[in-house]
Amino acid sequence: MVTNITNFGRSGLSDWLMQRASAVVLALYTLYMVGFFLTTSHLDYATWSGLFQGTGMRIFSLLALISLAAHAWIGLWTVSTDYIKPTGIRLGFQVVVILAMFAYLVWGVQVLWGA
Amino acid sequence: MLQVNVYRYNPETDSAPYMQEFQVDTKGRDLMVLDVLHLIKEQDNAFAYRRSCREGVCGSDGMNMNGKNGLACVTALSEVVEDGKLIVRPLPGLPVIRDLVVDMSLFYKQYERIQPYLLNDTPAPAIERLQSPEERDKLDGLYECILCACCSTSCPSFWWNPDKFVGPSGLLQAYRFLADSRDTATRERLAQLDDPFSVFRCRGIMNCVNACPKGLNPTRAIGHIRDMLLHNAT
Ligand code: SF4
Ligand code: SF4
Ligand code: FES
């Protein structure tokens, strides 16, 4: 067995499943948003902030955000192990990606539950 | 006259590999690429390549002909030549020992890693372990592999991680033993494959299927392994 410590879920299977599951969530969220834009004739601040008032929509958005973070991490981790051969640069890249995902996640929660 | 460009590299005398052009008189015949290589060797005795059976059985003359991997002995000029030109290079992604001869160590290491033999912890029967015709049928499309490496060396995932990704050839063989009713080590075999590289580096682009001179389908076998892993874990 090939050992590794930096991938998402410790096993290839769990990464693979997570990648598929998060893709489905993101697809559903995208469809929902496209549907919202198509059925909303007049888009102003009130309708936009109204959309995110409901707890359901907030949970859905947070789920999409977490899915995005996981999806991006697994994908970029794979890209980095394919193409970045020097260990130091690869590790540096992975740290940057992790920090970016974490920042986006916290920021996203703040936006969703903020005033 | 056929214009043939071949990859040349002799580490003892050349500082870098280069392409050399030969004019080969095929006398209008539709020769196999291997025959053309023999004619080139008559012009330059130092030209090196591997071959043995010259009938698509031994798997020693895998190479890259006009951009596609295949066995030189069963690839006719009419299948590959474009605009009267033929370009022959060694299998991509493996270290070149000399001219068209590559170092297959990594390829064999991955093959060795999947334990390509039956593992069975039940007492051995007096004569042999029997299989039903249906059980035997499951091995069709798997056991025919001749380990020519045409598939693995056409796979980008194998190029980037030949030390960690088993590659299409090794995975086809891994499934050949997972699918064998006489093998009892299924769980152990699967446990060896459940990391992010060994199986899951396959991106399913099917270069391997496109390259295999025996018409085998490693991508399908990899899908079966993934299903078995999923089945085992959920
Ligand atoms: S299908 Fe998988 S094993 Fe075959 S060439 Fe593509 S990545 Fe490699
Ligand atoms: S699967 Fe096909 S291409 Fe790959 S090593 Fe076996 S015979 Fe060669
Ligand atoms: S020489 Fe044996 S397969 Fe081509």
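Residue numbers begin at 1 in each chain, while the letters A, B, ... track the order of the sequences.
Shortest non-hydrogen contact noted between A:K85 and B:W160 is NZ-O, 2.6 Å. The nearest pair of heavy atoms linking B:N161 to A:D82 is ND2-OD1, 2.9 Å.
There is no contact between A:I74 and chain B, counting heavy-atom distances below 4.5 Å.
Around atom OH of A:Y104, no more than 12 heavy atoms belonging to other residues, nucleotides or ligands sit under 6.0 Å away. Summarising the local packing, CD of B:E112 is surrounded by 12 or fewer heavy atoms from other residues, nucleotides or ligands at distances under 6.0 Å. Within a 6.0 Å radius of CE in A:M57, other residues, nucleotides and ligands contribute more than 12 heavy atoms. Around atom CZ of A:F52, more than 12 heavy atoms belonging to other residues, nucleotides or ligands sit under 6.0 Å away. Surrounding NZ of B:K214 are more than 12 heavy atoms belonging to other residues, nucleotides or ligands, all under 6.0 Å away.
In this structure, CG in A:L17 is found 10.5 Å from CZ in B:R226, a value given to the nearest 0.5 Å.
When side chains are defined from C-beta on, A:T81 counts as touching B:F197, because their heavy atoms get closer than 4.5 Å.
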